[in-house]
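Report on the structure given below.
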Amino acid sequence: MSTTLSLAVNGSRLLETIDQLAHIGRLPNGGVRRLSFSPEDQQARRQVSAWMQATGMTVRTDPAGNLIGRYPGSQPHLPALATGSHIDTVPSGGRYDGCYGVLAGIEIVRTLAEQQLQLRHPLEVIVFSDEENSLIGSQAMSGTLNPDPNYYRRPDGTSIQTCLQRVGGNWDQIHQARRHPQELAAFVELHIEQGPVLESAQASIGIVTGIVGQRRYRIVIEGRANHAGTTPMNLRQDALVTAAHVILRVHDLGSRPGDQVATVGSVQVFPNAANVVPGRVELSLDARDLDSHHLDALLQELAQHLDHLAQQRRTPIDRELTLHTQPAPAHPQIQTVIASVCQDLSLPAIFLPSRASHDAQELARITPMGMIFVPSHAGISHDETEYTTPLDCIRGANVLLHTLLRLDQNPPPPLT
């Protein structure tokens with residue numbers, strides 16, 4: 001199949017489907033609440049499935065609850081090219097996060113079908129289940145699933161077995177959702193940036209170099225609660241003052257030259273009373289970097305500092321690792337293809353890492369992976385004010401279209 005730059009998606013139709021899907025779970029403030037496995041999520045799945053079927057795709061739901069539309073290729077024995085994202089949202093999210101990548105994939109299939117075109121490879125558009133909470137859909141597909149079903153229990157206590165049944169999945173058969181390297185030629189996810197870098201650089205497209213690894217810790221500082229009026233300053237074991245030193249140190253480590261970021265986003269103080277010296281503080285630590293060795297070295301330095309601080313201030317500090325994910329590099333050939341498409345379409349593009357989690361990081365375990373970002377206004381996401389301009393939405397979909405066309409002609413070698 002020859003690729004021509006004149007082939008383009010129907011931008012108006014893409015924007016219309018984004019608007020239509022945003023009405024499912026719409027909130028009074030204009031945001032969207034479509035939690036995984038909820039009635040709104042189920043309704044959205046039915047709508048997306050109907051759109052897929054109308055394009056000529058065959059549609060199925062795997063045991064992990066992933067909704068998969070497949071458009072046949074002219075050489076059906078070839079492994080599939082895949083794209084997609086998720087349609088579940090945070091409690092008060094926007095209309096673009098995840099959904100944009102799914103709907104752009106469907107629009108690409110519509111465009112191909114209207115032109116009576118086929119890729120050599122089959123083309124799959126995947127809606128991954130529960131991206132916002134657990135990544136269970138993409139983890140099951142990549143073979144990194146946690147075997148303990150309690151790991152995926154919902155915050156309200158609902159079991160994952162019940163949740164999967166709601167959307168046509170089956171926990172007892174979930175191992176059958178695993179895909180193998182010979183089944184997928186590549187996976188390319190289109191997504192809003194969820195950050196301010198592209199807008200700041202006045203770039204239309206972000207070519208993702210990889211998805212950062214994450215380390216999360218629960219840090220507990222033990223002091224001694226005492227009367228705020230009668231306890232002299234030099235005799236206090238103030239856990240909150242120690243916590244302040246910890247927070248500043250985390251900020252300093254995150255601010256060093258490099259791609260790392262480090263955040264203390266949650267602080268709980270006990271007993272949290274105006275007239276009591278704080279006796280205990282619990283902190284969260286979220287640290288991310290594309291270089292796992294560099295990230296571990298920074299955290300080791302932080303651990304040594306905390307040990308010294310605990311002894312100096314007589315406030316023991318305990319650390320518990322709660323999340324550990326490895327970086328997922330984007331495949332160099334896919335990055336090169338995206339860059340060449342942007343050049344041919346005269347779209348300014350920059351290379352950047354993704355500091356947020358995506359289903360693509362799980363797919364990178366089994367197939368060459370790439371990601372395309374489009375700008376988010378003011379860097380806002382996971383909020384009702386999340387916004388990407390119509391022009392940027394259309395541009396991103398066309399970059400994805402031509403990236404898939406070129407990968408179809410020259411796919412990257414399979415992972416070994």
Side-chain angles (χ1 to χ4, degrees), residues 29 31 33 35 90-93 132-134 148 150-158 212-258 260-289 294-325 355-357 379-385:
N29 64 5
R33 179 184 177 90
L35 304 180
V90 295
S92 182
E132 292 293 2
N133 289 282
S134 69
D148 181 4
N150 291 319
Y151 179 83
Y152 298 103
R153 184 176 296 274
R154 305 296 296 167
D156 65 2
T158 307
V212 298
Q214 296 185 47
R215 310 286 187 271
R216 290 183 190 169
Y217 287 85
R218 176 175 173 263
I219 300 176
V220 179
I221 302 167
E222 296 285 358
R224 177 176 293 174
N226 217 329
H227 196 292
T230 62
T231 308
M233 300 298 288
N234 65 330
L235 298 180
R236 297 184 178 195
Q237 292 172 262
D238 190 325
L240 185 56
V241 173
T242 301
H245 285 276
V246 173
I247 293 169
L248 289 173
R249 185 64 174 217
V250 168
H251 178 77
D252 289 343
L253 288 175
S255 301
R256 289 181 180 178
Q260 78 282 346
V261 293
T263 306
V264 174
S266 174
V267 180
Q268 294 178 290
V269 182
F270 304 92
N272 202 27
N275 60 346
V276 180
V277 176
R280 176 185 173 95
V281 175
E282 296 182 6
L283 305 174
S284 68
L285 167 61
D286 182 304
R288 311 184 186 203
D289 198 337
H294 183 235
L295 180 58
D296 289 338
L298 289 176
L299 290 172
Q300 179 60 34
E301 180 182 337
L302 177 63
Q304 294 173 356
H305 175 74
L306 296 188
D307 290 341
H308 174 74
L309 187 63
Q311 183 177 24
Q312 180 186 48
R313 298 198 54 79
R314 297 178 295 120
T315 50
I317 302 175
D318 181 63
R319 303 178 296 278
E320 177 188 4
L321 181 66
T322 60
L323 178 69
H324 184 291
T325 65
R355 293 193 175 93
S357 297
I380 296 172
S381 183
H382 284 187
D383 185 84
E384 66 270 13
T385 59

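Since the model is a prediction, treat every value here as computed from it, not as a measurement.
- Closest approach of H227 and V277 over heavy atoms only: O-CG2, 4.0 Å.
- Results of the side-chain hydrogen bond (donor to acceptor under 3.5 Å, both in side chains) test with T242 over R314, Q312, E222, R313 single out R313 as the only residue that passes.
- A salt bridge between R319 and D307 is present, with a side-chain N of the basic residue lying under 4.0 Å from a carboxylate O of the acidic one.
- R215 places a side-chain heavy atom less than 4.5 Å from the side chain of D296.
- Among all heavy-atom pairs drawn from I380 and D383, the shortest one is CG2-CB, 3.8 Å.
- Atoms CD1 and NE2, on I317 and H308 in that order, are 10.5 Å from each other to the nearest 0.5 Å.
- When all heavy atoms of A239 and G279 are compared, the pair lying nearest together is CB-C, 3.8 Å.
- Under the side-chain hydrogen bond (donor to acceptor under 3.5 Å, both in side chains) criterion, Y152 pairs with Q139, not counting sequence neighbours.
- None of R224, R236, Q237 except one satisfies the side-chain contact (heavy atoms from CB on, under 4.5 Å) rule with T315; the exception is Q237.
- Atom-to-atom distance recorded for N226:CG and L235:CG is 9.5 Å, nearest 0.5 angstrom.
- Among all heavy-atom pairs drawn from V212 and R288, the shortest one is CG2-CB, 3.6 Å.
- Considering CG of D238 and CE of M233, their distance stands at 7.5 Å, rounded to 0.5 Å.
- When each of L302, L321, T263 is paired with L285, the side-chain contact (heavy atoms from CB on, under 4.5 Å) condition holds for L302 and for no other.
- Annotation for N29 and S92: closest pair ND2-OG, 3.7 Å, computed over non-hydrogen atoms.
- In this structure, the side chain of Q268 does not engage the main chain of E282 through any donor-acceptor pair within 3.5 Å.
- In E301, the CD atom is crowded: over 12 heavy atoms of neighbouring residues, nucleotides or ligands sit closer than 6.0 Å.
- Side-chain contact between R216 and S284 is absent, with no heavy-atom pair separated by less than 4.5 Å.
- By the 4.5 Å heavy-atom criterion applied to side chains, D286 and Q214 are counted as neighbours.
- With values rounded to the nearest 0.5 angstrom, R153 atom CZ is found 13.0 Å from S134 atom OG.
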Report, one line per pair, each donor and acceptor closer than 3.5 Å where one atom sits in a side chain of residues 244-255; sequence neighbours left out.
from : atom 1 : to   : atom 2 : distance (Å)
S255 : OG     : H251 : O      : 2.8

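- Side chain of R218 to main chain of T322: no donor-acceptor pair is present (N/O by atom type, distance under 3.5 Å, no hydrogens or angles).
- Here the closest non-hydrogen pair linking P316 and A310 is CA-CB, 4.1 Å.
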